[in-house]
Amino acid sequence: MRLALDQAPAPAGPGRFLHTVPAWGALAGLMLMVEGPALLLSRWSPATVAPVHVFTLGVLGNAMFGSLLQFLPAAAGVRVRGGSREAAWLHGALNLGSAALVAGLWWPSALLRGIGACALALAFLLLVSATLPGCWPGPATACCTQASVWP
């Protein structure tokens, strides 16, 4: 099966996620420089937990969301709903949730952690609502026929 580059989304949609990755990486590095030896005291200390979430949600989360929004239409032929407007909401929810959760972990705050959890839940629900309908088994969709292409 060939790539369907004509079905690829506008670069602004996935690009906004991928352009955010270096900022989160820089923040993770800054947090590591600030805390230094405190990171080795305990795996449950805020100095350790917060940078781990910066890396997993900020760096990897943005890279995965952006790549998924690019990959599904171009490689799997899956129609992603919402376009760049939904991508903007998805980007905002993911990054607001990540920032609030990290701040709530760094400076222990139940309110910030709650805001982060709600915004992250919204981000994942938006991602599922945008991608799952195109992957849902129907009359010979690309997701269903992919398994038969590979030996």
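FYI, the numbering just counts along the sequence from 1.
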_Going by side-chain contact (heavy atoms from CB on, under 4.5 Å), W24 matches just one of L60, V59, L57. Which one?_
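Only match with W24 under side-chain contact (heavy atoms from CB on, under 4.5 Å): V59.
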Do side-chain atoms of [X] reach the backbone of [Y] as a donor and acceptor pair under 3.5 angstrom?
| X | Y | result |
| --- | --- | --- |
| T48 | W44 | no |
| S67 | M64 | no |
| H19 | G15 | yes |

Closest non-hydrogen atom pair between [X] and [Y], with its separation:
| X | Y | answer |
| --- | --- | --- |
| A93 | L122 | CB-CD2, 4.2 Å |
| P14 | G66 | CB-O, 3.3 Å |
| L69 | A87 | CD1-CB, 4.5 Å |

Would you say [X] and [Y] make side-chain contact, with heavy atoms under 4.5 Å?
| X | Y | result |
| --- | --- | --- |
| L127 | L68 | yes |
| V102 | M31 | yes |
| L94 | L126 | no |
| S129 | E86 | yes |

*On the 0 to 90° scale, with breaks at 30° and 60°, tag the F17-F65 ring pair as parallel, tilted or perpendicular.*
tilted
Could you go through residues 104-120 and list every donor-acceptor pair under 3.5 Å that involves a side-chain atom there, pairing it with any protein atom two or more places apart or in another chain?
unit_1: S109; atom_1: OG; unit_2: L112; atom_2: N; d: 3.2
unit_1: R113; atom_1: NH1; unit_2: G104; atom_2: O; d: 3.2

*asked:* Quick check: is L18 connected to L27 through a chain of hydrophobic side chains (ILVMFWY, heavy atoms under 4.5 Å apart)?
replied: no
*Verify the cluster assignment for V21 and F55: are they in a single hydrophobic cluster under the rule of side-chain heavy atoms below 4.5 Å apart?*
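Yes, one cluster joins them.
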*Atom CG of N95 and atom CZ of R16: how far apart are they, to the nearest 0.5 Å?*
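Separation between the atoms: 10.5 Å.
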*List the steps and the verdict of side-chain hydrogen bond (donor to acceptor under 3.5 Å, both in side chains) for T20 and H91.*
CA-CA 9 Å; T20 307; H91 182 259; 2.7 Å; yes
